[in-house]
Protein chains: 2
Amino acid sequence: MLQQFEILKKAGLSVTESRKTILDLFFAAQGALAHADIEKHSSINIDRVTVYRTLQTFVENGIIHQIPTTDNTILYALCKDSCEAGHHHDEHVHFICVVCNKTNCLDDVMVPMVKLPNGFLPIQTAMIVKGTCIDCRSPHPQPFPQR
Amino acid sequence: MLQQFEILKKAGLSVTESRKTILDLFFAAQGALAHADIEKHSSINIDRVTVYRTLQTFVENGIIHQIPTTDNTILYALCKDSCEAGHHHDEHVHFICVVCNKTNCLDDVMVPMVKLPNGFLPIQTAMIVKGTCIDCRSPHPQPFPQR
DNA sequence: AAATGATTTGCAATATTGTTGCAATATTTT
DNA sequence: AAAATATTGCAACAATATTGCAAATCATTT
Ligand SMILES: [Mn+2]
Ligand SMILES: [Mn+2]
Ligand SMILES: [Zn+2]
Ligand SMILES: [Zn+2]
């Protein structure tokens, strides 16, 4: 209830209904969200355009980070406190379950360093692991794929 | 001239003009290609739909592989010989230059292993490094961004 | 609390990107 | 060369993304 307010304030952004609502969705979500997940969420009625602009603003201000995918989609997930505008600090591994399609931030698994050939100067590294999550291999798996 | 023919034959695919032409593009390219790069290539006149279907077929048959991105796009690059239908074998690092936007397969840089928390069973791992390439830091940089 | 100015939002219009069915064409097999 | 099979292009459609602008909301000042 108060948390979104603080995050937006800290980022120097106006505190609007849309932004609070979308932040809420991220807090409630068990994994990363795509634009479509937000737009099509049942209990929400925010214009597509506003969703686009909000996500962009949040990325630019270090509130959420992007996760690359291989399906013409971008996933977004909440940043940790350490992220700042322009300079993200979340080089953790992302895990995409190929069964339920849920994407987890493995906040405790850092992306390992890797030695690049001469001439390539790294700025940021992403690591995406595809596989199966525990829910999808347990005796009582999720009945349906998520996305 | 003969190479595309062999690749298509080996994959058990019909050898068609479109497929040979698109394969040519990949051989000529200095980096990975997006759908749009192919569709809009000057010296080519293949229907959008055919490009979609060709890329899909090539991926399914281990001729090209996908590279995840963070801009509602999928990049594609030629596979090495070791790739087979259904089972790709190219867990190498990909480098995206943030200046010229060229994407390189670093074929010799393997994606490092990483220990996951309990319950996450990995199948495939991707690693994308963003940074600047040598061309874009040399005294005579590329005049214009590519994409 | 009301007024002011700055920012954000929704709408409409448009552009771009992706999907599907089907007939015409090209390729492979006989 | 003919038959069988697979691919292509077109058309229609669906989904996704971008832009300008007026109305509404939010922050700041009085
Ligand atoms: Mn994350
Ligand atoms: Mn590659
Ligand atoms: Zn799962
Ligand atoms: Zn470059």
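Numbered from 1 within each chain, the chains take letters A, B, ... in sequence-line order. Remember, predicted model here, so these are calculated numbers, not experimental data.
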For the pair [X] (side chain) and [Y] (backbone), establish whether a donor and an acceptor sit closer than 3.5 Å, ignoring hydrogens and angles.
{"X": "B:R48", "Y": "B:E39", "value": "no"}
{"X": "B:D47", "Y": "B:V49", "value": "yes"}
{"X": "A:N61", "Y": "A:I63", "value": "no"}
{"X": "B:E91", "Y": "B:T125", "value": "yes"}

ask   = Under 30°, 30 to 60°, or over 60°: which ring-plane class applies to B:H94 and B:H65, parallel, tilted or perpendicular?
value = tilted

task = Please determine, by modelled atom types, if B:R19 and B:T54 share a side-chain donor-acceptor pair under 3.5 angstrom.
result = no

Taking atom [atom2] of [N] as reference, at what distance in whole Å does atom [atom1] of [X] sit?
{"X": "A:L55", "N": "C:dT9", "atom1": "CG", "atom2": "P", "value": "12 Å"}
{"X": "B:N61", "N": "D:dT7", "atom1": "CG", "atom2": "P", "value": "10 Å"}
{"X": "B:I22", "N": "D:dG9", "atom1": "CD1", "atom2": "C1'", "value": "13 Å"}
{"X": "A:L23", "N": "C:dT8", "atom1": "CG", "atom2": "P", "value": "14 Å"}
{"X": "A:E17", "N": "C:dG10", "atom1": "CD", "atom2": "P", "value": "11 Å"}
{"X": "A:D71", "N": "D:dA15", "atom1": "CG", "atom2": "C1'", "value": "14 Å"}

ask   = Should the pair B:E6-B:K9 be classified as a salt bridge under the 4.0 Å nitrogen-to-oxygen rule?
value = no

Distances for protein N/O vs nucleotides 27-29 of chain D N/O pairs under 3.5 angstrom?
residue, atom, partner, partner atom, Å
D:dA27, OP1, A:V15, N, 2.9

key: Student check: side-chain heavy atoms of B:P122 and A:K130 closer than 4.5 Å   = no

task = Any chance you could list the contact pattern along nucleotides 14-20 of chain C? Use B for base contacts, S for sugar-phosphate-only contacts and - for none, protein heavy atoms under 4.0 Å, 5' to 3'.
result = ---BBBB

